[in-house]
Amino acid sequence: MSPKAPSCPVCGQPSTAETRPFCGTACRDRDLLQWLGEGYRVPGPAADEATQKNGNYGLDSEPD
């Protein structure tokens with residue numbers, strides 16, 4: 001019994017060697033846009049209050 005070809009994580013079609021683990025460049029690019037557009041998130045600890053304040057203005061801004 002031969003192993004089943006891995007499927008594309010975006011659409012489920014069989015992946016190709018050139019664009020593994022995706023089936024083609026369209027799904028590869030769609031996945032990249034999800035990461036860049038914050039569609040995917042990696043869980044982590046909550047930010048403290050000072051970090052959240054500076055997140056809106058930048059670290060070089062004067063504190064309130």
Side-chain angles (χ1 to χ4, degrees):
M1 180 184 244
S2 65
K4 184 178 177 185
S7 61
C8 176
V10 176
C11 70
Q13 293 185 11
S15 64
T16 62
E18 298 84 32
T19 58
R20 184 166 284 134
F22 306 103
C23 64
T25 56
C27 283
R28 183 187 65 192
D29 293 345
R30 188 180 323 160
D31 184 70
L32 177 61
L33 288 173
Q34 281 287 89
W35 281 107
L36 295 176
E38 298 182 9
Y40 298 143
R41 296 178 184 206
V42 178
D48 61 355
E49 189 175 321
T51 304
Q52 290 176 353
K53 279 179 149 177
N54 288 336
N56 294 332
Y57 303 105
L59 295 174
D60 295 337
S61 300
E62 293 295 320
D64 293 336

A side-chain contact here means heavy atoms from C-beta on lying under 4.5 Å apart; do R28 and D31 qualify?
no
Closest heavy-atom contact between E38 and R41?
O-NE, 3.3 Å
For L33, the hydrophobic cluster (side chain heavy atoms closer than 4.5 Å, chained through members) also holds none
Can you pull out every ring pair (Phe, Tyr, Trp, His ring centres under 6.0 Å) where at least one residue sits in residues 6-38? Sequence neighbours excluded, please.
W35-Y40
side-chain hydrogen bond (donor to acceptor under 3.5 Å, both in side chains) pairs touching residues 9-20, sequence neighbours excluded, are T16-T19
Across all chains, not counting sequence neighbours, the side-chain contact (heavy atoms from CB on, under 4.5 Å) partners of S7 are none
